[in-house]
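Down below is the structure, laid out as structure tokens.
Just so you know, residue 1 is the first one in the sequence shown, and it goes up from there.
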Amino acid sequence: SRSTAIVTSSRPILPATCRRAERLPDEYGCVEDLTVGPDGEPCYVARKDDHVTVVHGQRIYEKIHHDVLNNMYGWRKRLLGFHPNGRPVVNVSFMNNVEDAMFSSVEELNADRQTFIYAGNELLIEEKGMNATTMLSDGSVVYAKRLKDNTFVVIRNRETLLAPRNREYLAFAESPTGELATAFVEGDLYVVGSLHNNRTVRVTSSQVSDIFWHENGWYFLQRNDKRWEIRSHESERLHVNQDDHGCGGQFRVLPDGRTCYTSWTRHHHACHVVDGQLQPGFAYVSPLFERDGEWLYYGVIDRHLYLMELPPKTT
């Protein structure tokens with residue numbers, strides 16, 4: 001599949017599926033993650049020097065960290081979703097001590113990484129060694145904390161759900177009824193299991209990178225040879241991508257039966273893939289959302305924000 005990429009230039013090329021384009025303010029710096037709010041408004045996080053800014057529609061939330069150095073190990077910013085009170089939740093993490101980081105192993109580096117979780121401007125969590133951080137529907141945050149001995153505990157809003165285990169957690173997910181599941185690596189095996197009863201629902205030697213709920217069961221994203229497949233814990237295959245491009249997540253089946261997920265173009269831009277067809281590429285793309293019967297999403301490249309639509313289903 002080939003995509004019509006939006007290229008970086010003073011006059012970007014706009015594909016036919018572009019509904020709106022606008023230039024973002026220079027004052028906030030570079031956009032480093034993008035999502036969409038429950039109201040359909042774009043939400044992005046940007047950084048300029050030691051200022052982190054989250055912009056949701058017309059609302060602006062600012063955070064300043066004066067003691068953080070701008071270094072290659074440093075900043076990671078990720079929008080986790082929206083709190084029930086409507087405020088965007090963002091994960092901001094960094095390394096304070098550059099010299100120690102340069103001589104540390106990857107495990108030590110991640111165990112010492114400082115992370116802050118904000119809802120709007122309110123600090124919810126301050127923690128070191130956070131991994132696989134996920135926000136749940138009630139606004140709570142579940143994550144795996146890497147300890148110094150390279151074991152992990154699972155924590156939900158400062159309460160330990162699982163004691164230290166020698167396993168690396170990759171992802172957490174929540175069902176519509178509130179059941180929590182996880183994907184993790186233990187030894188040479190990838191495991192998908194439930195956090196409610198510690199029940200293992202699938203063990204495989206193939207790489208697993210994500211888990212999600214679909215209709216009435218748990219599904220996971222698994223790499224099989226050079227293809228990514230979506231499989232259930234009962235081995236049902238929901239989808240297999242037909243090209244060599246990777247699968248980045250956000251898998252869903254639209255009401256008209258089309259499969260959608262995020263991936264990358266041959267120029268390493270993020271994009272949505274619809275029934276195997278790559279859509280235009282951006283630095284960041286938001287999840288899909290529905291408005292007046294149409295499926296839309298936002299994309300950012302350079303200082304430009306685009307509102308995009310999915311092409312209609314072909315028969």
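By the 4.5 Å heavy-atom criterion applied to side chains, Cys43 and Val54 are counted as neighbours. Here the side chains of Arg146 and Val153 are not in contact, with every heavy-atom distance at 4.5 Å or above. Counting only heavy atoms from C-beta outward, the side chains of Lys145 and Asn131 never approach each other to under 4.5 Å. Contact of the Arg47 side chain with the Val31 side chain is not registered, since no non-hydrogen atoms from C-beta on lie closer than 4.5 Å. Counting only heavy atoms from C-beta outward, the side chains of Thr262 and Cys271 never approach each other to under 4.5 Å. A 4.5 Å side-chain heavy-atom check between Gln250 and His272 finds at least one atom pair inside the cut-off. Proximity of Thr115 to Glu126: side-chain heavy atoms (C-beta onward) are nowhere separated by under 4.5 Å.
Connection of Val89 to Ile125 is established within a shared hydrophobic cluster, with ILVMFWY side chains joined at heavy-atom distances below 4.5 Å, either directly or through further cluster members.
Residues that satisfy the side chain to side chain donor-acceptor pair (under 3.5 Å) test with Glu179, not counting sequence neighbours, are Ser194. With sequence neighbours left out, His83 forms a side chain to side chain donor-acceptor pair (under 3.5 Å) with Asn85.
Phe152 and Tyr169 have perpendicular rings, their planes meeting at more than 60° on a 0 to 90° scale where under 30° would count as parallel. Ring geometry for His267 versus His269: interplanar angle of 30 to 60°, hence tilted. Ring planes of Phe289 and Tyr298: parallel class, angle under 30° (limits at 30 and 60°).
The shortest heavy-atom contact between Leu170 and Val208 is CD1-O, 3.1 Å. Across all their heavy atoms, Lys48 and Glu27 have their closest contact at CD-O, 3.4 Å. Nearest heavy-atom pair, Asn121 versus Tyr118, reported as atom, atom and distance to 0.1 Å: O-CD2, 4.1 Å. What you find for Tyr284 and Ala270 is that their closest heavy atoms are CA-CB, 4.4 Å. Nearest heavy atom pair, residue Gly81 against residue Met135, reads C-CE, 3.7 Å.
More than 12 heavy atoms of other residues, nucleotides or ligands lie within 6.0 Å of CD in Glu22, so this atom counts as buried by the packing criterion.
Partner of Asn91 under the side chain to side chain contact (heavy atoms under 4.5 Å, CB included) criterion, chosen from Leu79, Thr133, Thr134, Asp33: Thr133. The ring pair (Phe, Tyr, Trp, His ring centres under 6.0 Å) test with Phe212 singles out one residue from Phe251, Tyr261, Phe172, and that residue is Phe251.
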